[in-house]
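Data block below; observations after.
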Amino acid sequence: MSNAAFTRLPGFRDFVPEDLAVRSHIFEAWRRVSRRYGFQEYDGPPLETLELYVEKSGEEIVSQLYNFTDKGDREVSLRPEMTPSLARILADRSRALPKPIRWFSIPQLFRYERQQRGRLREHFQWNVDVVGESEVGADAEILAVALDALRELGLGPEAIRARVSDRRLLSALLQTAGVPEDRLLAAYAVIDKVEREPPEKTLERLQDEAGVTPAQAGEILALFQNPGLDRVADRFGDQEAVAAEVERLRDYFSILEAMELGDFVEFDLTIVRGLAYYTGIVFEIFDRAGELRAICGGGRYDRLLERVGGESLPAVGFGMGDVVLTELLRERALLPDLGRELDYFVVSVGDEARRRALQLAHRLREQGARVAYSLRGQGVRKQFKSAESEGAREVIVLGPEELSQGIARVRDMTSGEEREVQLEELERGP
RNA sequence: GUGGGCGUAGCUCAGUCGGUUAGAGCGCCAGGUUGUGGCCCUGGAGGUCGCCGGUUCAAGUCCGGUCGCUCACCCCA
């Protein structure tokens, strides 16, 4: 293999033109959709103080930070997620900004952990946030942005689905079912695993970790075995706290219905999300086949800004990574041909024609055309081969014959058709 | 962090029981006479067989370690 002296760091990627083209394809879709919804792009530094993450993100993230001590003896970390930076930035200036604040970013994020499929030490993540709006319309808008971007990339409701829950509802349900308030987080952790663990295990863990009786554990488990907002309403709707949360979620779903995105979304109480700062509606978007990790995850985090020392502002947002998304698009053959492309390749015959060809190329480039030619004298056959491999749509042939008539021969490389065009006309442009 | 699988050319892979100078296809470069690409023909470059050590007269092949990749677990941006 390669000379082992210089290797890429594990979990990091090179982007050769072919790969960068895929990345750009995705970024461009993200930016287009962001702007369509009226969001503005921002960025921050990739390196932050370690402190920014220690308490805000939860213990799980902290143990996987890509952190170190810098030369000024500062404890620093490459950013593992964007939200704390956003909170920090807004803490300074949110007061002066018109609300709601609608910002997006495409940061490169880092984590120090063993890489596996869909999970590297570095990735790009599209972050979209609405800050300063507590109503459910903001929650719906956020999910709509995420879904529209995926649609833009060719993923319809047959390919992906958004699973939505609400921490407030879950908390109300769990407390109604007997989970003490100080055990809620522990209960979330159990529920997060409901899909992947056998029911007996869940029952056991609910008793051990969430501190409920066997009967209560059974009741909680039943909630997840019979999902559906209506069922929840039927069973617990008489509880005021639960009823209010159910009502809000119904609003949320009806907004998405109105946006014609209803086919993508479903209520799913097992969606918890690991991050400690979520406070309301949370969601994750998955491929329907269920083969890949989550493509996107987000939710409401109403307390984070004040915790970072800013104004108390409600916020909702999501992150969508490039790694899993690229895998899914590749799997579904949704990546367009992103090869080299040239408008013209100029082929010249002889020295005099070559000089004229350089002038022609220069003028075409001034018009914005993508133009290339052989950088050294080569036979016509060879020049045509280069034109082919560089993806030229048309080849312009300039030789003594053409020069004497003031024309150029233009060959369409797809059809093979060739026509004569006045040089002046070519240089004047379209 | 724990466990499994895999490392031979840029890519996909072959390589017999351990035996001499490690192969193929694709790709790349050059040529097929300075007027026409795709197809075709000819030639070429490119490998310390991931790395280090061990066994052996002899290691791509067997053993140990290590690094990398990968899958699962843990966890989840």
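No close placement of the A:Trp30 and A:Phe104 rings is indicated, their centers lying 6.0 Å or farther apart.
Applying the 4.0 Å criterion to OP1 and OP2 of B:A30, one finds that A:Arg376 has a side-chain N or O inside that range.
Take A:Phe39 and apply the ring-ring contact (aromatic ring centres under 6.0 Å, His included) test, not counting sequence neighbours, and it matches no residue. Residues satisfying the ring-ring contact (aromatic ring centres under 6.0 Å, His included) test with A:Phe15, not counting sequence neighbours, are none. A search for side chain to side chain contact (heavy atoms under 4.5 Å, CB included) contacts involving A:Arg163 returns A:Arg161, A:Glu195, A:Glu266, A:Asp268, A:Thr270, A:Ile271, A:Phe286, not counting sequence neighbours. Annotation: salt bridge (charged side-chain N to carboxylate O under 4.0 Å, His left out) contacts of A:Lys385 (sequence neighbours excluded): none. Partners of A:Glu327 by salt bridge (charged side-chain N to carboxylate O under 4.0 Å, His left out), not counting sequence neighbours, listed by chain and number: A:Arg117.
For RNA chain B, if you chain together Watson-Crick or G-U pairs that step i with j, i+1 with j-1 and so on, the runs of at least three with distances under 3.5 Å are B:1-7 with B:67-73, B:10-13 with B:23-26, B:28-32 with B:40-44, B:50-54 with B:62-66.
Between the P atom of B:C74 and the CZ atom of A:Arg293 lies a distance of 11 Å, rounded to the nearest Å. In this structure, A:Gln64 atom CD and B:C73 atom P are separated by 15 Å, rounded to whole Å.
Applying the salt bridge (Lys or Arg N to Asp or Glu O under 4.0 Å) definition to pairs two or more places apart or across chains, those involving residues 139-155 of chain A are A:Arg32-A:Glu152, A:Arg36-A:Glu152, A:Asp139-A:Arg300, A:Asp148-A:Arg151. The salt bridge (Lys or Arg N to Asp or Glu O under 4.0 Å) pairs that include a residue from residues 373-384 of chain A number zero, where partners must be two or more places apart or lie in different chains.
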So if I define the base as every atom that isn't primed, P, OP1 or OP2, how would nucleotides 31-43 of chain B read as a B/S/- string at a heavy-atom cutoff under 4.0 Å? SB--BBBB-----
